[in-house]
2 protein chains.
Amino acid sequence: MAPRTRAEALSRDRIVEAAIELLDADGERGLTFKTLTERLATGSGAIYWHVPNKNALLADATASVIAGALTVQDTGSPRDEIRAIALGLFEAIDRHPWLSAQLAVQLSRSPWGSATPRIFESIGRRVSALGVPEATWFTATSALTHYIFGAAGQNAANARVLDGGVDRAEFLHAAANAWEELDSGEFPFMKSIAGQVREHDDREQFLTGVDLILTGITARSPG
Amino acid sequence: MAPRTRAEALSRDRIVEAAIELLDADGERGLTFKTLTERLATGSGAIYWHVPNKNALLADATASVIAGALTVQDTGSPRDEIRAIALGLFEAIDRHPWLSAQLAVQLSRSPWGSATPRIFESIGRRVSALGVPEATWFTATSALTHYIFGAAGQNAANARVLDGGVDRAEFLHAAANAWEELDSGEFPFMKSIAGQVREHDDREQFLTGVDLILTGITARSPG
DNA sequence: ACCTGAACACCGTTCAAGT
DNA sequence: ACCTGAACACCGTTCAAGT
């Protein structure tokens, strides 16, 4: 995390880029005006000349990463494209775990701010191409979008634990064992699925969920 | 927001209760040690005697509200009970909009902390009673859980805008109009669903989504 | 127009001192 | 055992002054 020389002039883009690097390295607490000015070799006032405040910077960082994840090849199969977008977002959140909390916070601040409509648009366009009734488009797109963020967030949270040098198989075993030892009166379900957790593949499991929702969407009027 | 007289002794429960009231009134920025000590007519050190830090306090507040929302009557129909739990969580987030961001933040801090397993257990138990293959339980429960939080969060975010004295019908009209005026090259889908948004009922729309996922879950092996 | 960096208000946490 | 409140370290934001 060595501070860079200030070769080029400061710009909104360079600031956002530096912010993303700091967020990736240390999560949300890694991004402060102190760490940011050190990395950019400048003063806090210089940042404020290009960016109105920290929330706007976080919003920009989020939008920048999401935009990168939403670009998908046209394959002619809306179902495949939805799976590709879902996997792209899943991997973006995997690489930038701070994204999932940020998306939630930003949603609560401005419901239809920059990130949400783009994601809705990208997925919704393919949903509408599935050939299901128009009345179901909004609900279907919501279900897919929320599942993607929720599942990806859960996965990113798990992945963080593994960052601490913990071995993956070891972690899953430990989690499964812990679940199996839960009180059977209070947590019978958690106990029963402990075995499944032990050796599942995150991406495969995630895509199975996407398929489950796609099945629900097309169950009554196949496209 | 008048400070209370300190009639009874301080306790973790009273502190959590006060925290929830402050969060409900002004969101996350409404809860600081200053507002909390004022309301409880005490000093910051007194709080720290009962609670280790602010994060733990937020976790307790979240767990307390979630626990209240998860109690559901046994009806004998797992499908109905899942709908009831979903609606209960939806309404809890509606009443306490800070919940959705909190759940995301806490998930990223400790993946299987107090709130998540209880919700998983409560929904998962009913999913397993649907009569679908055991291999699908975990994915199905994930899909439901994530949809519930995502949709409820979106709704709570919308509701906040309405708190500013804005009329609901007016807001939906404004949103729909804004979407209809989006660039048709960039946002054709958002434009196409603008009409649906204008007069939908939030709860009904939400439950339709739950049904969609339940359909996906049971599509291949009906229970 | 763009940048510096000291100053300000605010916040979570600690701790020596009290009862 | 439980509480007080001053002190500390840190953080986002502002702004007069510089180039």
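Here is the naming used below: chain letters follow the sequence lines, and residue numbers restart at 1 for every chain. Predicted model only: the values in this text are computed from it and were never measured. Computed from heavy atoms alone, side chains included, the values below leave out hydrogens, waters and symmetry copies.
Between A/L36 atom CG and C/dC3 atom P the separation is 13 Å, expressed in whole Å. Between B/E38 atom CD and D/dG5 atom P there is a gap of 13 Å when expressed in whole angstrom units. Here the C1' atom of nucleotide C/dC11 and the CD atom of B/E28 are 13 Å apart, to the nearest Å. Rounded to a whole Å, the CD1 atom of B/I47 is 18 Å from the P atom of C/dC15. To the nearest angstrom, C1' of D/dT4 lies 15 Å from CG of B/L40.
Mapped onto DNA chain C by nearest heavy atom, B/R29 and A/A46 fall at different nucleotides, with A/A46 at the one closer to the 5' end.
Under 4.0 Å is where a charged nitrogen must lie from a carboxylate oxygen, and between B/R125 and B/E81 no such pair does.
The aromatic rings of A/Y48 and A/F33 sit parallel, their planes meeting at an angle under 30°, below the 60° perpendicular limit.
Under 3.5 Å, the side chains of B/N155 and B/R203 contain no donor-acceptor pair of N or O atoms. If you check the side chains of A/S142 and B/Q154, you find no donor sitting under 3.5 Å from an acceptor.
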(message) Give the dot-bracket line for DNA chain D from 5' end to 3' end: parentheses for intra-strand Watson-Crick or G-U pairs under 3.5 Å, square brackets for crossings, | for inter-strand pairing, dots for unpaired.
(response) ||.|||||...|||||.||
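With B/F120 as the fixed residue, the ring-ring contact (aromatic ring centres under 6.0 Å, His included) test singles out one of B/F138, B/W137, B/F149: B/F138. Of the listed residues (B/T62, B/L31, B/I93, B/L22), just one forms a side chain to side chain contact (heavy atoms under 4.5 Å, CB included) with B/W98, and that residue is B/T62.
Residues in residues 181-190 of chain A take part in these side chain to side chain donor-acceptor pair (under 3.5 Å) pairs, two or more places apart or across chains: A/E186-B/R118.
For the pair B/H50 and D/dA1, the criterion of a side-chain N or O lying under 4.0 Å from OP1 or OP2 is not met. Remark: B/W49 is not in phosphate contact with D/dC3, judged by side-chain N or O atoms under 4.0 Å from OP1 or OP2.
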Can you tabulate the close N/O pairs, meaning under 3.5 Å, that link protein atoms to atoms of nucleotides 12-14 of chain C?
residue, atom, partner, partner atom, Å
C/dG12, OP1, B/K54, NZ, 2.4
C/dG12, OP2, B/F33, N, 2.9
C/dT13, OP2, B/Y48, OH, 2.7
C/dT13, OP2, B/K54, N, 2.9
C/dT13, O5', B/Y48, OH, 2.9
C/dT14, O4, B/S44, OG, 3.2

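A/Y147 has its ring centre no less than 6.0 Å from the ring centre of B/Y147.
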(message) Walk me through whether B/K34 and B/E38 qualify under salt bridge (charged side-chain N to carboxylate O under 4.0 Å, His left out).
(response) CA-CA 6 Å; B/K34 188 162 185 297; B/E38 273 167 9; 3.2 Å; yes
